[in-house]
Structures are given as C-alpha cells and as structure tokens.
Amino acid sequence: MYETETKKKKMKLLLKIVFPILVTQVAMYLVTFFDIYMTARYGTDDLAGVSIGSSFWVPVYIGLAGILMSITPIVAQLMGAKKKDRVKDTVQQGIYLALLLAIAVFFFFVFGIGFLLGFMELEPAVADVATEYILAMSLGLIPLFAYNALRSYMDALGSTRITMFISLISAPINVFFNYLLIFGNFGFPELGGAGAGYASAITYWLVLFITVWIIRTKKPFASFAIFKGWPKPSLSKIGEISRIGVPIGISIFAETSIFSAVTLMMSTYGTITIAAHQIAINFTSLLYMLPLSISMGATILVGFEVGARRYRDAKQYSWLGVGAAVAFSFISACILFFMREHIAGLYSNDPAVIELAVQFLVFAALFQLSDAIQAPVQGALRGYKDVNITFIMALISYWVIGLPVGYLLAGFTGFGAFGFWIGLIAGLTAGAVTLSIRLITIQKKIAAQ
C-alpha cells in the first residue's frame, strides 16, 4: 500500500490489488461451483437437492461472513493513519466474532433445516440430498468463518497475492475430494450430492491450517504476532467490528438471498426448472466475481486513502473501480449471450434442462451492467465506513422492488418462471442507481468540510 499521484498510477495499483483478489474469489467460488457442476454430472435429483441446499447455505454464510469484511476497512484505515499497534487486537477480536457466528450458524442449520425444507413442495429424494448436503457443509463452518476474518486482515495489508495463493490451492483440493465422495472412486463411499458437502468441509479445514501457518511464519504478517498474547473477548471491540460489519452483512445478505429466494420459489415449477435455473445462476455468479473483486479492492484503497485524509484520491479510486467494472461487464454479457448453449451443455446432458437454462442465461446477460455498477460502488462506500444507509437501500432495492416485481410477473402474467428473472433485473438496477447517488452524496459532503 502506498500513495499515488496520477490516475494512471492509481489504475495500475487498483489492478495490482484487484487481480489477486479476483483469482482468490474465483478459486473460493469454485468450491461451490464444482459442487454444483460435479453433482450435475452425477444426476438431476442430486443437482436439484444441492441447488436447494446452496440456496439456504449461501445467503446465510455470505451474509454473516460479510460482517467479518468490516475488518478490511478498519485495518486499512489504521494502516493509513499509521496506527499499526492497534491492528493485532482488532484481528483477534474479529476471530472471536468469527467463532461465535460459526457456532450460531451451525446450530441454526442442525436444528432448523428440516423445518425449513418442510415448507417446500420437494420430491423426497431432492429434500434428502438438500438436508445431507447442508449438514455436511456445516462441519466446515468454524474454519470457513475463521479464514474469512484472517483473509480480511491479510487483504487490508495489501497482501492480496498471498490470499490468492491460498485460494488457488483450495480449488483442486475440493475437486479431488468431490471426485472421491460424490462418485465413490478409489474405494470411498458413493455419497452423491452429500459427498459434495463433505468435500467442501474438508477443504475449508485444510485452507485454514495453511492460512494460520503463513500468518505465523511469513512477512509482513509474522511481525503483528496475531496468534500470541490473546486477550479476553471484548464486547466493546467486537461491538465496534459489528457496528460496521452488520450493515455490510445485511446488505450482502439482501442481495444474495434474493437469488436464493427465487430458487426456492421456483421449486413449485419442478426439478427441471430448479436445475436449469441453478445452472444459469451458478455460471452468472462465477462472472460476478470480477465486479465483486473490484469492489473489495475499492474498499481497501478507499479505506487507506480516507485513513490518510487524502479524500481526493479516495474519490478517484471509487470511480476508477466503477469504470473498470462497467468495461468488463460488456464482455460478461457477450459471453452469456453468445455462448449460452455451450455453457448449459457443460452442466447437463438432459435436453429439457439445457433448453430452459439457455433461456435463463439470456436474462442473466441483461443484468451484467447493473451488477458492474452496484458492486464497486458498495465497495467504495465501505471504504468510507458508510454502511447503514447502504444496507437500507439494498433491502429496498432487492426485497421491496426486485422480489415483489418478480413474484407478480411470475404468478399473474404469462412470463412464468422468467418473471422472477425480470424482477432480479429490476432490483439490481434500482440498487445500482440508489447506491451511486449515495456515493456522490458522501463525496460531496466530505469535499465541503
């Protein structure tokens, strides 16, 4: 992390920070991606079950893990203000918070998943796979949340290449254990969709061990002595992390859960529709890693500049991030539209599933621009520690506009299942517009001080 003078140098630093984050995000997402992809190759019922399971798992995990993302702007601002001595305590209290969140989610899934699935009209085989998948994934909650806290700390120091390296290791580990446990190769039990959950849990534990070893032994992390001299949990310091993190988590939950809600509401259309919808969402989510990575890079750089009171530089980083994401969004849209048949064919051999997935992918191409704007804008706002109004805007955009529009179009027009996708487009567009207005307002307010 260092000060830059020109926009060219800022863009160079932004890309230098973002590229490893992108590789990291893609590698982490590939854990879920390969769960879906390899289960799809195993069978349609297992694909539908893992899809339903993921629809519960992803928003809960990402929303609560989003709370731990507050460690990034807090540490970035401490480093920008040259208060290095306060970093260790922040990270340690963040780890305590991570453990509390992991335990809470574990009990929520163990005691609540059967109750939640009972409200859905699922075929028994699909419901069984969904339950087994979530319970298996829950065994990896503690390492997953702890890693998120440590990763936020590492990224805040600008060491995004290290987290990239760690995440690159996770993908092949996950594929290997998926190969063993989904299909029952080399004498391992053939568990189908449930095997994907166990493979992910094993992967999360191994990734945490690798991360701890790096932080204990490698520069610049070892100098902070994160794992030495543990203090007692401090409610005030955990509260400080939560005050910034909870709105971030709710904002992320509001966005991710609308996709999951749509998947759950589509259960009434049958197994083929669920599978086709999940294919489109799964591949679209992979492309979303680019604007999400730019968002995380913007949080780090904007937070660093705000901590150093270089507000003009913070503003420039904000809009450079948006511009870069918008430029790449056109490439993503072209990939989804012109290669939609090939994409669907990668996941399934079922002609009915492929035909429907191809149609969903057209709608996915339409919301690439909105995604490209709202993600980096949210990242910039987090760098300013402006999170409360942001999550209110997200809730309104996705749950007051997006989901109701989708429900009405799906249930009371001829659009059917496609109505939900139109609702997604409406929600994402509303989010992009309102969040952009908020960012402009914050920057004008700071400039006037």
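Numbers for residues simply follow the sequence, beginning at 1.
Side-chain atoms of Ile113 and Trp57, non-hydrogen and from C-beta on, never get closer than 4.5 Å to each other. Side-chain contact between Trp421 and Val362: absent, with no pair of heavy atoms (C-beta onward) separated by less than 4.5 Å. By the 4.5 Å heavy-atom criterion applied to side chains, Phe304 and Tyr317 are not counted as neighbours. Taking 4.5 Å as the limit, every side-chain heavy atom of Glu132 sits out of range of all side-chain heavy atoms of Leu191. Side chains of Ile446 and Ile442 form a contact here, defined as non-hydrogen atoms less than 4.5 Å apart. Counting only heavy atoms from C-beta outward, the side chains of Thr72 and Tyr153 never approach each other to under 4.5 Å. Side-chain contact check for Tyr179 versus Phe186: some heavy-atom pair is nearer than 4.5 Å. Looking at Met11 and Leu15, their side chains come closer than 4.5 Å, going by heavy atoms from C-beta outward.
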Exercise. Check the pair Tyr147, Leu68 against side chain to side chain contact (heavy atoms under 4.5 Å, CB included), reporting the backbone distance first and the verdict last.
Key: CA-CA 10 Å; Tyr147 169 73; Leu68 303 172; over 6 Å; no

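Proximity of a side-chain donor or acceptor of Ser370 to a complementary backbone N or O of Phe367 within less than 3.5 Å is not detected. Under the 3.5 Å distance criterion, the side-chain polar atoms of Ser295 are left unmatched by any main-chain donor or acceptor of Pro291. Side chain of Gln368 to backbone of Ala364: a donor-acceptor contact under 3.5 angstrom is found. A donor-acceptor pair under 3.5 Å is formed between the side chain of Ser70 and the backbone N or O of Ile241.
Legend: residues meeting side chain to side chain contact (heavy atoms under 4.5 Å, CB included) with Pro247, ordered by chain and number and at least two apart, are Val387, Asn388, Phe391. Every residue two or more places apart in sequence or in another chain that forms a salt bridge (Lys or Arg N to Asp or Glu O under 4.0 Å) with Asp386 is listed here: Arg438. When the ring pair (Phe, Tyr, Trp, His ring centres under 6.0 Å) test is applied to Phe363, the partners found at least two apart in sequence or on another chain are Phe418. When the ring pair (Phe, Tyr, Trp, His ring centres under 6.0 Å) test is applied to Tyr384, no partner is found at least two apart in sequence or on another chain. Residues satisfying the side chain to side chain contact (heavy atoms under 4.5 Å, CB included) criterion with Val18, sequence neighbours excluded, are Leu14, Ser293, Ile294. Residues passing the ring pair (Phe, Tyr, Trp, His ring centres under 6.0 Å) test with Tyr288, sequence neighbours excluded: none. Scanning for salt bridge (Lys or Arg N to Asp or Glu O under 4.0 Å) contacts around Lys315 gives an empty result, with sequence neighbours left out.
When every heavy atom of Ala325 is checked against every heavy atom of Pro376, the shortest pair comes out as CB-CG, 3.8 Å. Among all heavy-atom pairs drawn from Ile71 and Ser152, the shortest one is CB-CB, 3.8 Å. What you find for Thr39 and Ala196 is that their closest heavy atoms are OG1-CB, 3.9 Å. Nearest heavy-atom pair, Gly94 versus Ala149, reported as atom, atom and distance to 0.1 Å: O-CB, 4.1 Å. Residues Ile169 and Ile173 come closest through the heavy atom pair O-CG1, 3.3 Å. Nearest heavy-atom pair across Ile354 and Gly345 is CD1-CA, 4.1 Å.
When each of Leu157, Ile226, Leu150, Val91 is tested with Phe221 by the rule side chain to side chain contact (heavy atoms under 4.5 Å, CB included), just one qualifies, namely Leu157.
Pairs engaging residues 24-51 under the salt bridge (Lys or Arg N to Asp or Glu O under 4.0 Å) rule: none recorded [sequence neighbours left out]. Screening residues 83-109 for side-chain hydrogen bond (donor to acceptor under 3.5 Å, both in side chains) gives Asp89-Lys237 as the qualifying pairs, with residues at least two apart or on separate chains.
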Scan the side chains in residues 202-215 for donor-acceptor partners under 3.5 Å anywhere in the protein, sequence neighbours excluded, and list what turns up.
residue, atom, partner, partner atom, Å
Thr203, OG1, Ala199, O, 2.8
Trp205, NE1, Leu139, O, 3.0
Thr211, OG1, Val207, O, 2.8

Give every donor-acceptor pair under 3.5 Å between a side-chain atom in residues 326-341 and any protein atom, sequence neighbours left out.
residue, atom, partner, partner atom, Å
Ser329, OG, Val326, O, 2.6
Ser332, OG, Phe328, O, 3.4
Arg340, NH1, Phe337, O, 2.3

Hey, can you pull the donor-acceptor pairs under 3.5 Å for the side chains in residues 97-106, sequence neighbours left out?
none

